[in-house]
Engineer: 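Handing you a structure now.
Each chain gets a letter, A, B and so on, in the order its sequence line appears, and its residues count up from 1. Note that the structure is a prediction, hence the values are computed from the model and not measured.
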Amino acid sequence: MGDDEARSWIRGDETAKQMLSRVLKDRAFLLIPPLHRVPLRAGNVVEITGASTSAKTQILIQAAISCILPKTWNGIHYGGLGKLVLFLDLDCRFDVLRLSQMLKHRLLQANWLGNGAWWQLEESNVKSCKSAEEKTKTVFDEELYASCMKRFLYVRCYDSLELLSSLKYFTVLQTLHYRIQQQEACGSQVGVLMIDSIGAFHWTDRLSSSLALETHNRKSLSLTNVVETIVQELKKLLLVHSLVVLATKGTIYKEKYPANENNRKVSSNDHFSGNVASKAQQPPFREFMPSSWQAFVTHKIIIRKSADYQSLQTGQQNLLAYSLEWLQPQLSRIDRFIVDDVRKFTTIKPFYSKLLLIYIVIPASSSHAVWYCHCLVT
Amino acid sequence: MAPLKHLEKENPIIDACFQDFCASHGILTSCVLHLLFLYLSNYFEDFLLHDLYELTAFSQRQTNADRLKEGITLILSLIERQCRPLVNGLKLLEDLHRNKHTLSTGDKETDSLLQGGFREGQLTELVGPSSSGKTQFCMQAAASVAENHLGRVLYLDTGNSFSARRIAQFICSSSDATLGQKVMSRILCHTVYDIYTLFDTLQDLEITLRLQMNVNESRLRLLVVDSISSLITPILGGSGSQGRALMVAIGYLLKKLAHEHSIAILVTNHTVGAGGEGGKTKPALGETWKSIPHVRLSLSRDHKNSNCTISILKHTSLPSGQAAKTLTRKENQQCP
């Protein structure tokens, strides 16, 4: 070891300031309502569990829009990440029309308000834009819309074989890099990887594992093997790209412990700490994914249907309300949110501070409903 | 490894290096032959489950492993063939607007509830108790598609409830005999009595559609399976996975047909008692089936005044809970 080498070893590679700016640029974190309780960073794997029709895909689409929107464009602040979203549709039920409508709505909103924090509006701001005529004049930016839609990458797989092949194709052949360069949004990284329904092929894989013949040291396409390989490929992807994995999981067994919202509310009023302890012991749903997937997941959320919420604005009952609970890390508060059609509201009323979102006047020019999650702070 | 030696004479790609690799990783030799002959047997799975990085690294380490590298390239090209393409949102939207149109259901209230009707590329499920009008709804939809959208309809009937006479009543232009006959000729009815026949029929249909490229004017637009639940319920039973796996496989086959060939698919389901909730009913086929259809509609009939109510249980872009009242068209009612 020469003198020079020893000196360069002591001198160091970069200052703390350089390192911090590099790390912060690379590992931006997501804060999307209703998942905003815990900041998500690159490398986190979030599993969202819920029964059928519990707004899981709605949350994914909203998160996707937050990711594909740029931070600023033409002087208007959108507050997005400007990164690519890779959507692995294993349920094969994705509706691109919904994504497109929600994106257009977001662009229109940002145009009117001029600031990107669309879910936190001051009352004064809202009161000032009452007239509907103002809205009809603003048009959203077509070019921005096209560039955002191009940042949304979609793959649909009909069985485990196709899923494994596609994942292998991404990692082994490094084609993700190649394909990203092909997209117009060059230089973009993948921000989020979304998997719609990780348990989609559970039953078919279980069947093939029971039918497979285990001949000496030959691996068959059984459930545990498939999930292990999926986890390995995802880990390889996480090494190369700094992304967050959002996976939804449906329940395939009926809830054995139907923890009703009403029951839970009554008991929580009496002794809150006791309730948390009992929740920790009893799993709220029957876990069917193998242990390799469970070990891979870093954050867990469960969504349940809540009692119907009556909207004060339209006086309409039977709005779909859901409750969201963080299982890992275990938080003591339960968020409630509703999914509602932003198009319908015609008046603005200042309401009690508990509500996090305020509804905005939308011109009834679009013929389709636009759905958003509005959070209720309990 | 005797078969390998024999094959080496015929296929020069199997050299000693490759044989060693296969022996050390327990990959049977016949799989190499099948792969070489592009026969995607179940041995392809072995390569999917093994670490391909390891395989490529192994080939790099060997100095004269050209044959092995050729084999690896072959495997990777097979993987490429098997994997699904990556499309961006804009292309998806274009495909939607160009190929996947909305088909009218034949009933105005239902059309306004669903904002147009059935969408091609989606699997719609209709749930209802017995004698709530599910078969009537199916036949009305078939008649409407054959007449208004000039598309062919394939009606798979499981309970002998298809009636050509009733379809003729639904067709408005039945006064003009030749036109009426033309419309009727677009509807094809098959009877299926068990799930395996359904599998065979659907797979034959897939092959036919792939060869024909379902794009011309009188293409198949609607596929109706009246009472898919009567085919699936006999095999669903107990905690075994066979029944549910078959159900999921049928669901995915239907969704694949719908998406790749732009067909709207309508299936019906019956209701069973929801135990423990006192008299309420729930759709049959269990929890797993809930996440298979794109759109789930619930039909109920008020027997006093024979009004039917359709409500949305689940939709990809509409709120659930909305309902509309429909009236089944009687025999001599005028067409709207």
Engineer: Could you look at B:Leu253 and say if it's the side chain, the backbone, both or neither that has a heavy atom under 4.5 Å from chain A?
Structural biologist: neither
Engineer: In terms of heavy-atom proximity below 4.5 Å to chain B, should A:Phe87 be classed as side chain, backbone, both, or neither?
Structural biologist: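 Contact with chain B is absent: no heavy atom of A:Phe87 under 4.5 Å.
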Engineer: Identify the two heavy atoms, one from B:Tyr252 and one from A:Tyr158, that lie closest to each other, and give their separation to 0.1 Å.
Structural biologist: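 Closest approach of B:Tyr252 to A:Tyr158: CD2-O, 3.6 Å.
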Engineer: Minimum heavy-atom separation for B:Arg119 and A:Asp95, please, with both atom names.
Structural biologist: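 Heavy atoms of B:Arg119 and A:Asp95 come nearest at NH2-OD2, 2.9 Å.
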Engineer: Side-chain contact test, heavy atoms from C-beta onward, threshold under 4.5 Å: evaluate it for A:Phe152 versus B:Val87 and give yes or no.
Structural biologist: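 No; the side chains remain at least 4.5 Å from each other.
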Engineer: Looking only at heavy atoms, what is the nearest atom pair of A:Asp91 and B:Lys255, with distance?
Structural biologist: O-NZ, 2.6 Å
Engineer: Most heavy-atom pairs under 4.5 angstrom with chain A, which of B:Leu313, B:Val248, B:Asp95, B:Thr316?
Structural biologist: B:Thr316
Engineer: I want to check something: taking the side chain as every heavy atom from C-beta on, are B:Lys91 and A:Tyr154 in contact at a cut-off of under 4.5 Å?
Structural biologist: no
Engineer: Examine whether an atom of B:Leu92 lies under 4.5 Å from a heavy atom of chain A, and if so say whether it belongs to the side chain, the backbone or both; otherwise answer neither.
Structural biologist: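 Contact with chain A: backbone and side chain both.
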Engineer: Taking all non-hydrogen atoms of both residues, which atom of B:Arg84 and which atom of A:Arg156 are closest, and how far apart?
Structural biologist: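 B:Arg84 and A:Arg156 have their closest heavy atoms at CG-O, 2.9 Å.
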Engineer: First locate atom OG of A:Ser147, then atom CG of B:Asn88, and finally report the distance between them rounded to the nearest 0.5 Å.
Structural biologist: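 Going from the OG atom of A:Ser147 to the CG atom of B:Asn88 covers 11.0 Å.
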Engineer: Just give me the residue among B:Gly251, B:Gly243, B:Pro293, B:Ala249 that pairs up with chain A most often, heavy atom to heavy atom, under 4.5 Å.
Structural biologist: B:Pro293
